[in-house]
Amino acid sequence: MALSTKPLSGMRQRLPGEFRVEKYVTDTLSLCSVQAGFEEYDGPVVEPFALFAAKSGGELAGKQSYCFTDRGGREVILRPEMTPSLARMVAAQGELQLPVRWYSMPLCYRYERPQRGRVREFLQYNLDILGSESLAAELEVILVLQGIMNLFRAPASIYRIGWSSRRFMADALARCGVDQSTRAAVFSAIDKRDKMKGEVWTELLADACASSTIADKVASLVSAGSLSDPWLMDLMQGSSTFDEIVKFNGLLEDVGVTSAVFSPGVVRGLDYYTGIVFELVDTGGENNRSLCGGGRYDDLVGLFGNKKISGVGFGLGVLTLTLFLETYSLIPDSVKKAAPAEVYIAVLSPDEIASAGSLAIFFRRDGIRVMMDVSGKKLGKQYSEAERYGISSVVTVGPDEVETGLYRMKTLSDGVVFTGSPEELSRRLR
RNA sequence: GUGGGUGUAGUUCAGUUGGUAGAGCCCCUGAUUGUGGUUCAGGUGGUCGCCGGUUCAAGCCCGGUCACCCACCCCA
């Protein structure tokens, strides 16, 4: 019985053309990180199940995970996200100079049904600062995020960075009369607002609040468009959590990050966020999921001992970002159609293979990317091969060339033929 | 886990009330035996997802099953 030609559902497999696009995206992300002084790290793909059970959130660690018992009887999991591993790595380093600014491009795994922008094995770019409690850390990571969008030439009109604060929302909800016991349900209801019709959502919210008067207040809170809203200022009088988001809003304005807007409806799913939270969404509606989610987590590093180290960072889906970029034609043609070489060496007959190889070595030493024919087909087919690859020049090696040391190089775009020694050809190619 | 859609050549798809399987593109060969693109002539390639049922006869009808896609849940 023949084996299936398909990979397991949702697992990555990249043909060169697809891989080139993904590489362009990840290279750009790395560049933005490095420009902001972030250093790359990596962690294990297989982790103890308990690492995620504690703080990641019920579904992520439970239903949506690849977990199994290994041969030593340990409950293990293929990491569904990176941040807990990062927290452990930082907690384990006794002499680490804080704060640290690290980034990573891990493969992560979630067992869910694949759909557009959601697969089971995916790259998730992560960028974090640990060991700083200053709002400057939040600002810095959002600046990197903004820098990423700028480098991809995404105009501000097609995306938005919505942000809020868990601390603030907990405080504000309490002031609205939401009981602590129903807070989680209310958060969950708030999170769903944009996905539902108005009346349905109102009903859901009233359900979660167990009171329509409280629900009305929560609805007003979530729809507050600005921090200077009189109703909001009245509600939050004397609140330090409100002061914090006003201060952060001021920082964003002063730096000129106009794509970041205060959005009380932003809650984020992961349980470990405690302070500022944010997400980046496509405003065009073509990709209705968030491309990126992040925030501050105060208690994650503390899980590994007595150290209290606060962190702030975000995860960004390479696949979701790529779909976003493709939707708006932001992947350059030069990436999509990149040729694998500058020159193709056509070999007339098996007698010239060694000479062609020597010529290839010569060009490669000069830093020129050279593809030597290995098909053994007729000369015309070799030219077609070069054409298919998008290679711009073809040098033919036959008995005449080997004897005289002069080679003919044809530029495929205009058909012009140049004849010369390897040195002359090389100079022309550079 | 829930709901909807689609499975026919490498690929994109057509296929009439059930009557022996089709097109474009791609690929291969030649015209052009040392030079690509355009053109022309020819050619390869399908257990119609799989299993069963109805029928003289099934790509088409019925039942089941699997796979993929989309949406929900959740999230990158």
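Labels below follow one simple rule: chain letters A, B, ... track the order of the sequence lines, proteins then strands, and each chain is numbered from 1.
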Roughly how many Å is it from CH2 in A/Trp201 to P in B/rC72, rounded to a whole number? 19 Å

For a quick check of understanding: with a heavy-atom distance under 4.0 Å over all strands, which category does A/Arg116 fall into, base, sugar-phosphate or nothing? sugar-phosphate

Across nucleotides 28-40 of chain B, 5' to 3', mark each nucleotide with B, S or - according to how protein heavy atoms within less than 4.0 Å reach it. SSS---BBBB---

Using a 4.0 Å heavy-atom cut-off, does A/Val119 contact any base of the nucleic acid, only the sugar-phosphate backbone, or nothing at all? base

If each of A/Thr320 and A/Pro7 is mapped to the nucleotide of RNA chain B with the nearest heavy atom, which maps nearer the 5' terminus, i.e. the 5' end? A/Pro7

Backbone of A/Gln124 reached by a side-chain donor or acceptor of A/Asn126 within 3.5 Å: yes

Let's see if you can work this out: which of B/rA67, B/rC69, B/rC74 has an atom nearest to the side-chain heavy atoms of A/Gln64? B/rC74

Whole-Å gap separating P (B/rU2) and CD (A/Glu112): 16 Å

Please tell me which of A/Gly10 and A/Leu319 maps to the more 5' nucleotide of RNA chain B, matching each residue to the nucleotide holding its nearest heavy atom. A/Gly10

Applying salt bridge (charged side-chain N to carboxylate O under 4.0 Å, His left out), can you list everything that pairs with A/Glu47, at least two apart in sequence or on another chain? A/Arg88

Taking only the P atom of each, what is the distance from B/rC40 to B/rG24 in whole angstrom? 12 Å

I'd like the P distance from B/rU11 over to B/rC69, given in whole Å. 15 Å

Nucleotide forming a Watson-Crick or wobble pair with B/rU2, both distances under 3.5 Å: B/rA71

With a 3.5 Å limit on both atom pairs, tell me what B/rG7 is paired to, counting Watson-Crick and G-U wobble, or say none. B/rC66

Mind checking the P distance from B/rU32 to B/rG37? Whole angstroms is fine. 14 Å

B/rC72 phosphate, OP1 or OP2, under 4.0 Å from A/Arg289 side-chain N/O: yes

Side chain A/Arg296, main chain A/Ile276, donor-acceptor under 3.5 Å: no

Taking CG from A/Asp191 and P from B/rC74, how many angstroms apart are they, rounded to a whole number? 8 Å

B/rA57 versus B/rG19 - spacing of their P atoms, nearest Å: 14 Å

Spacing between A/Leu15 atom CG and B/rC26 atom C1', to the nearest angstrom: 15 Å

Please state how far atom CZ in A/Arg113 lies from atom P in B/rG4, giving the value in whole angstrom units. 12 Å

B/rC27 -> Watson-Crick or G-U wobble partner, both distances under 3.5 Å, gives B/rG43

Is a side-chain N or O of A/Glu352 found less than 3.5 angstrom from the main chain of A/Ser349, in a donor-acceptor match? yes

Between B/rC68 atom C1' and A/Arg120 atom CZ, what is the distance in whole Å? 12 Å

Over-ring placement of A/Arg120 relative to A/Tyr111, 6.0 Å and 45° cut-offs: yes

Euclidean distance, atom CD of residue A/Gln115 to atom C1' of B/rG5 [Å, nearest integer]: 14 Å

Applying a 4.0 Å non-hydrogen cut-off, can you work out what A/Ser9 is touching in the nucleic acid: base, sugar-phosphate, or nothing? sugar-phosphate

Considering Watson-Crick and G-U wobble pairs with both distances under 3.5 Å, what does B/rC60 pair with? none

Under 3.5 Å on both distances, the Watson-Crick or G-U partner of B/rG22: B/rC13

From A/Phe168 CZ over to A/Ile245 CD1, what is the distance, rounded to the nearest 0.5 angstrom? 4.0 Å

Just checking A/Trp163 against A/Phe262, ring centres under 6.0 Å apart? yes

Distance check, P atoms only: B/rU8 and B/rC68, in whole angstrom units. 14 Å

OG of A/Ser384 to NZ of A/Lys377: how many Å apart, nearest 0.5 Å? 8.5 Å

Can a donor-acceptor pair be found, under 3.5 Å and without considering hydrogens, that links the side chain of A/Arg12 to the backbone of A/Glu121? no

Expressed in angstrom and rounded to an integer, what is the separation of A/Arg118 atom CZ from B/rC69 atom P? 15 Å

